[in-house]
Amino acid sequence: RSSSAATRARVGLQTVSWLLSGYVEHRDSLGSLQRVRPGELNLMTAGHGIAHSEYSVGEGVLHGVQLWVALTDEHRAGTPAFEHHGDLPVVHEPGMRATVVVGEFAGAASPATVHSPLVAAELVVSAAVTVPLRPDFEYAVLALDTDISADGARVPHGALQYLGWGATELRLAAPAATRVLVLGGEPLAEDLLMWWNFVGRTHAEIVAAREQWQAG
């Protein structure tokens with residue numbers, strides 16, 4: 001992903017920033033100033049509205065993922081917040097090491113605040129492995145380093161493969177020390193409308209948010 005120093009506004013979502021290489025500096029209208037490094041988590045909850053900027057610092061290649069989590073109707077107008085977590089739980093299984101970025105995975109829970117049942121975990125796979133899944137979650141996998149196999153289907157490097165829901169396990173195969181991002185959560189039973197960085201439910205909400213941002 002690219003990084004920019006331009007200030008942006010967000011409404012109704014969380015951003016989950018996870019780096020594979022490089023460094024990013026985060027600033028926001030709450031007064032937060034936080035550099036995030038590979039293996040650390042920056043989590044921003046926009047709630048009813050927040051302004052922020054992100055930009056790369058230092059030398060080298062910037063490579064990472066930023067996930068956008070739609071907040072449920074109960075929480076989407078809540079108070080904005082920012083969290084940084086430099087120490088996340090790690091699960092060791094035969095052929096796999098998993099860092100739990102948000103939510104719960106394989107019995108370990110991230111300290112990051114979430115507002116609906118979900119999970120993001122970075123797996124370092126060194127052999128064919130079986131990953132436990134929750135049948136009430138829908139899942140996807142992102143091939144971070146190279147092509148992988150998910151339940152026998154090829155997932156190209158850089159591709160996100162949607163897996164659906166109802167399964168209790170996932171079979172992954174990849175070359176040694178390959179990073180794979182596993183994403184999941186309860187299907188959101190709400191209709192979403194998104195424009196720019198604003199997530200709402202109606203056109204009128206999006207228009208109001210845009211007008212407030214443009215008015216400063």
Side-chain angles (χ1 to χ4, degrees), residues 1-3 14-24 26 35-43 54 56-69 84-112 114 117-187:
R1 58 179 291 272
S2 62
S3 182
Q14 286 183 301
T15 58
V16 180
S17 299
W18 182 251
L19 296 183
L20 306 175
S21 64
Y23 305 90
V24 166
H26 167 99
R35 183 171 297 188
V36 63
R37 301 168 175 80
E40 301 176 350
L41 168 65
N42 271 4
L43 177 70
E54 297 167 302
S56 59
V57 291
E59 301 296 328
V61 175
L62 177 64
H63 183 201
V65 176
Q66 187 174 84
L67 309 172
W68 290 16
V69 180
H84 173 80
H85 298 282
D87 187 18
L88 296 168
V90 176
V91 177
H92 294 273
E93 300 284 352
M96 175 182 73
R97 185 181 81 246
T99 303
V100 186
V101 181
V102 294
E104 298 183 8
F105 181 82
S110 166
V114 294
L118 52 82
V119 65
E122 184 196 82
L123 277 54
V124 179
V125 178
S126 57
V129 297
T130 299
V131 179
L133 303 180
R134 285 180 49 168
D136 58 329
F137 275 22
E138 56 182 347
Y139 284 92
V141 293
L142 177 62
L144 295 172
D145 290 329
T146 187
D147 295 0
I148 63 171
S149 172
D151 284 336
R154 174 178 170 268
V155 181
H157 174 212
L160 178 73
Q161 178 65 50
Y162 176 66
L163 304 173
W165 62 87
T168 58
E169 62 182 31
L170 166 67
R171 292 176 291 109
L172 283 177
T178 296
R179 293 172 294 186
V180 180
L181 198 62
V182 175
L183 308 172
E186 282 188 354

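Treat the numbers as computed from the prediction; the structure is a model and nothing was measured.
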Indicate the atoms forming the closest heavy-atom contact of [X] with [Y], along with that distance.
X: Val100; Y: Ala109; value: CG1-C, 4.4 Å
X: Pro38; Y: Gly22; value: CD-O, 3.2 Å
X: Gly86; Y: Glu40; value: CA-CG, 3.9 Å
X: Pro156; Y: Ala143; value: O-CB, 3.4 Å
X: Asp147; Y: Pro175; value: O-CD, 3.8 Å
X: Pro111; Y: His85; value: CG-ND1, 3.5 Å

query: Please walk me through it: do Val16 and Val101 pass side-chain contact (heavy atoms from CB on, under 4.5 Å)?
result: CA-CA 9 Å; Val16 180; Val101 181; 4.0 Å; yes
[atom1]/[X] to [atom2]/[Y] distance, rounded to the nearest 0.5 angstrom?
X: Ser21; Y: His63; atom1: OG; atom2: NE2; result: 6.5 Å
X: Asp87; Y: Leu41; atom1: CG; atom2: CG; result: 11.5 Å
X: Gln14; Y: Leu43; atom1: CD; atom2: CG; result: 4.5 Å
X: His84; Y: Arg35; atom1: NE2; atom2: CZ; result: 11.0 Å
X: Asp136; Y: Glu186; atom1: CG; atom2: CD; result: 5.5 Å
X: Ser149; Y: Gln161; atom1: OG; atom2: CD; result: 10.5 Å

task: May I ask you to check whether His26 and Asn42 show a side-chain donor-acceptor distance below 3.5 Å?
output: no
message: Within the 3.5 Å criterion, strictly below it, is a donor on Glu122 or Trp18 matched to an acceptor on the partner's side chain?
response: yes
Measure from the side-chain N and O atoms of [X] to the backbone N and O of [Y], and report whether any donor-acceptor pair falls under 3.5 Å.
X: His157; Y: Leu144; result: yes
X: Ser126; Y: Gly95; result: yes
X: Asp145; Y: Thr178; result: no

Would you say that [X] contacts [Y] through its side chain, given a criterion of any heavy-atom pair below 4.5 Å between the two side chains?
X: Leu142; Y: Val65; value: yes
X: Val69; Y: Val114; value: no
X: Phe105; Y: Leu123; value: yes
X: Val119; Y: Val102; value: no
X: Val124; Y: Val180; value: no
X: Leu133; Y: Tyr139; value: yes
X: Arg134; Y: Trp165; value: no
X: Leu19; Y: Val36; value: yes

- prompt: What do you reckon, is OH of Tyr23 surrounded by more than 12 foreign heavy atoms closer than 6.0 Å?
  reply: no
query: For Arg179, does the CZ atom have more than 12 heavy-atom neighbours from other residues, nucleotides or ligands under 6.0 Å away?
result: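 Yes, because the 6.0 Å sphere around CZ of Arg179 holds more than 12 heavy atoms from other groups.
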- prompt: Where do Ile148 and Leu172 land on the side-chain contact (heavy atoms from CB on, under 4.5 Å) test, with the steps shown first?
  reply: CA-CA 7 Å; Ile148 63 171; Leu172 283 177; 4.2 Å; yes
query: Going through the checks in order, is the side chain to side chain donor-acceptor pair (under 3.5 Å) test met by Thr130 and Glu169?
result: CA-CA 6 Å; Thr130 299; Glu169 62 182 31; 5.1 Å; no
message: Please evaluate residues Leu181 and Val141 with respect to the criterion side-chain contact (heavy atoms from CB on, under 4.5 Å), reporting the C-alpha separation (whole Å), side-chain torsions for both, the decisive distance (0.1 Å), and the verdict.
response: CA-CA 6 Å; Leu181 198 62; Val141 293; over 6 Å; no
- prompt: How far apart are the C-alpha atoms of Leu170 and Asp151, what are their side-chain angles, what is the distance that settles it, and do they pass the side-chain contact (heavy atoms from CB on, under 4.5 Å) test?
  reply: CA-CA 6 Å; Leu170 166 67; Asp151 284 336; 3.5 Å; yes
